[in-house]
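First the structure, in the form of structure tokens, and then the observations on it.
Indexing begins at 1, ligand by ligand and atom by atom, following the structure's order.
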Amino acid sequence: MVTGASSGIGAASARALAAGGWHVVLGARRVNRLEALAAELGAEAATASPLDVTDPSSVEDFSRLVPACRLVVHCAGGALGLDPIAEAEESRWRVMFDTNVLGVLRVTRALLAALLRSGDGQVVLVGSVAAFEPYAGGAGYNAAKAAASSLADVLRIEHVGKPLRVSEIDPGMVDTEFSLVRFAGDAERAAATYRGMTPLSAGDVAEVVAFVASRPAHVDLDRIVMRPRDQARVWLVHRDP
Ligand code: NAP
């Protein structure tokens with residue numbers, strides 16, 4: 001099961017997993033995009049299903065789609081705005097927490113029994129360097145990704161001795177629709193994020209997702225941090241003039 005499969009890292013992860021022989025269930029709100037991706041991958045490799053991770057009944061419907069589940073890849077998420085704390089809008093924080101934190105909780109909880117039943121369940125969280133490198137304007141997103149990271153860690157602790165692996169992949173800048181969403185559709189501002197530097201591509205992250213998912217059952221890759229060469233810290237980016 002891949003959440004956030006309609007775009008960016010989720011769509012690329014679905015492609016990489018399908019290429020590796022998985023049958024992938026694609027979840028997100030924009031169903032037309034999921035259906036196009038499922039058609040591209042073929043009926044043997046993919047099924048599209050509507051999923052809103054902020055809606056418990058949608059998560060329940062999504063989790064009931066399959067009798068068996070070996071892997072869940074959490075990609076649904078994102079940031080809203082770059083507001084300093086003094087001007088923080090609670091509504092944006094709520095969406096960020098509902099999607100990046102509670103969404104991960106809801107989907108994980110709904111699939112947990114099936115993952116354990118599989119005998120080798122795996123949860124892969126696409127987190128962010130924002131979880132441990134806070135930056136001005138990032139507080140809501142930083143806090144949400146830090147919370148999701150704690151959730152992943154506790155999930156691993158609570159299931160030691162059981163057939164469940166939990167991995168967190170924390171990317172730096174990746175060229176997806178992330179910045180377009182963060183800046184409410186302002187394409188110029190989103191493009192400026194990556195100007196003069198080479199970000200990671202969604203495919204770069206997807207390769208790591210597929211690698212993590214193809215390790216033998218006794219190998220748990222806890223946490224992987226990956227960045228573009230041009231980005232040493234969230235706030236330290238080399239840009240060509
Ligand atoms: P993206 O292209 O904007 O993709 C975000 C995905 O999340 C979309 O498929 C979107 O689908 C889905 N989504 C958002 N809200 C949802 C909801 N309520 N229910 C279900 N799906 C929802 O951005 P991306 O870069 O691939 O982001 C994937 C993950 O990587 C996010 O968690 C993001 O925080 C993280 N990340 C991104 C970067 C970066 O620089 N791009 C860096 C580090 C971490 P719908 O809108 O169709 O529902």
Side-chain angles (χ1 to χ4, degrees), residues 1-16 24-37 48-59 61-63 72-80 82 92 94-107 110 124-133 135 138 140-149 151-152 168-185 187 190-191 193-194 197-206 208-209 223-228 230-231 234 237:
M1 319 287 272
V2 179
T3 75
S6 62
S7 172
I9 297 167
S13 297
R15 285 193 179 92
V24 189
V25 180
L26 314 166
R29 294 166 302 179
R30 288 169 293 178
V31 180
N32 54 337
R33 287 195 182 201
L34 297 180
E35 283 170 351
L37 179 55
S49 170
L51 171 67
D52 181 346
V53 299
T54 68
D55 174 358
S57 67
S58 169
V59 173
D61 292 347
F62 182 72
S63 67
V72 56
V73 184
H74 294 283
C75 298
L80 290 183
L82 253 184
R92 288 179 163 178
R94 261 192 212 102
V95 173
M96 287 190 276
F97 271 75
D98 211 4
T99 313
N100 294 289
V101 187
L102 292 171
V104 172
L105 169 68
R106 292 184 189 106
V107 174
V124 176
L125 169 70
V126 175
S128 173
V129 292
F132 54 89
E133 276 175 16
Y135 50 94
Y141 184 58
N142 295 143
K145 286 302 195 193
S149 177
L151 188 159
E168 177 178 343
I169 300 170
D170 293 328
M173 293 162 86
V174 192
D175 189 6
T176 63
E177 293 175 18
F178 175 86
S179 293
L180 199 62
V181 173
R182 167 168 247 175
F183 300 127
T193 308
Y194 309 111
M197 56 85 65
T198 306
L200 298 173
S201 70
D204 294 329
V205 183
V208 177
V209 171
R223 188 168 201 172
I224 297 174
V225 178
M226 58 187 295
R227 312 173 194 261
D230 284 338
Q231 186 187 32
V234 165
V237 179

Per-atom contacts of ligand 1 with [X], taking only distances under 4.0 Å to non-hydrogen atoms:
X	answer
T54	18 (N)
D52	17 (C), 18 (N), 19 (N)
I9	25 (O), 26 (O), 30 (O)
L51	19 (N), 20 (C)
S7	1 (P), 2 (O), 4 (O), 8 (C), 9 (O)
G8	2 (O), 26 (O)
Y141	33 (C), 34 (O), 35 (C), 36 (N), 44 (C)

Requested in this report: Among all protein heavy atoms, pick the one closest to atom 29 (C) of ligand 1 and tell me residue, atom and distance.
Outcome: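 Here the closest protein heavy atom is C75 O, 3.1 Å.
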Query raised in the report: To the nearest 0.1 Å, how far is atom 25 (O) of ligand 1 from its closest protein heavy atom, and which atom is that?
Result: T176 OG1, 2.6 Å
Query - Shortest reach to atom 35 (C) of ligand 1 by a heavy atom, considering only P171, G127, G78 - result: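 Among P171, G127, G78, the closest heavy atom to atom 35 (C) of ligand 1 belongs to G127.
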Query raised in the report: So do the side chains of V174 and D204 get within less than 4.5 Å of each other, counting heavy atoms only?
Result: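 They are not in contact (no side-chain heavy atoms under 4.5 Å apart), so the answer is no.
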Report summary line: Closest non-hydrogen contact found for S149 with A131 is CB-CB, 4.5 Å
Report summary line: For A130, the side-chain contact (heavy atoms from CB on, under 4.5 Å) test, sequence neighbours excluded, returns S128, Y135, Y141, N142
Report task. Could I get the full list of side chain to side chain donor-acceptor pair (under 3.5 Å) partners for D52, not counting sequence neighbours? Result -> T54
Report task. Output, in order, the C-alpha distance, side-chain angles, deciding distance and verdict of side-chain contact (heavy atoms from CB on, under 4.5 Å) for V129 and R227. Result -> CA-CA 9 Å; V129 292; R227 312 173 194 261; 4.1 Å; yes
Query raised in the report: Which is it for M173 and ligand 1 at heavy atoms under 4.0 Å: side chain, backbone, both or neither?
Result: backbone
